[in-house]
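Reviewing the structure listed below.
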Amino acid sequence: MSTIKRRIVTILTDNDIPEGEKIEVLRQLEADSLSKERSATEGMNPVDGDDGEDLKAIEMALRKLGQQPVEGGAASL
């Protein structure tokens with residue numbers, strides 16, 4: 001399990017973190033992941049080679065909290 005996926009599980013299962021804060025952290029993870037994908041499409045080598053798996057996990061976590069992920073993939077930011 002990747003570091004991001006472990007962090008997502010920790011965030012979602014921690015009852016001491018308010019839902020709004022969980023969403024805020026997941027949104028930042030989403031922005032970071034999209035930024036990595038965008039840099040890969042611009043010719044830079046991906047840092048961790050996760051092939052978008054981290055972003056998919058973040059999107060699933062956001063949906064569990066009733067949120068919609070950012071539309072349009074890496075080019076949207």
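- Shown here are the side-chain contact (heavy atoms from CB on, under 4.5 Å) partners of L12, two or more places apart in sequence or in another chain: I8, L26, A61, K64, L65.
- A distance of 13.0 Å separates CD in E19 from CD in E24, rounded to the nearest 0.5 Å.
- A distance-only check finds a donor-acceptor pair linking the side chain of T13 to the backbone of V9 [under 3.5 Å].
- Using modelled atom types, one side-chain atom of E30 and one backbone atom of V70 make a donor-acceptor pair closer than 3.5 Å.
- Between the CG atom of L29 and the CG atom of L62 there is a distance of 9.0 Å, given to the nearest 0.5 Å.
- The backbone N or O of A31 sits nowhere less than 3.5 Å from a side-chain atom of S35 that would complete a donor-acceptor pair.
- The heavy-atom pair separating R27 from P69 by the smallest distance is NH1-CA, 3.8 Å.
- Residues that satisfy the side-chain contact (heavy atoms from CB on, under 4.5 Å) test with E21, not counting sequence neighbours, are I17, P18.
- K5 is listed as a side-chain neighbour of E53, based on a closest heavy-atom distance under 4.5 Å.
- Here the side chains of R7 and V25 are in contact, with some heavy-atom distance below 4.5 Å.
- Shown here are the salt bridge (Lys or Arg N to Asp or Glu O under 4.0 Å) partners of R63, two or more places apart in sequence or in another chain: there are none.
- Atom OG1 of T3 and atom CG of D54 lie 8.0 Å apart (nearest 0.5 Å).
- Annotation: the span from I11 atom CD1 to I58 atom CD1 amounts to 9.0 Å, rounded to 0.5 Å.
- Here the NZ atom belonging to K22 is positioned 10.5 Å from the OG1 atom belonging to T10, to the nearest 0.5 angstrom.
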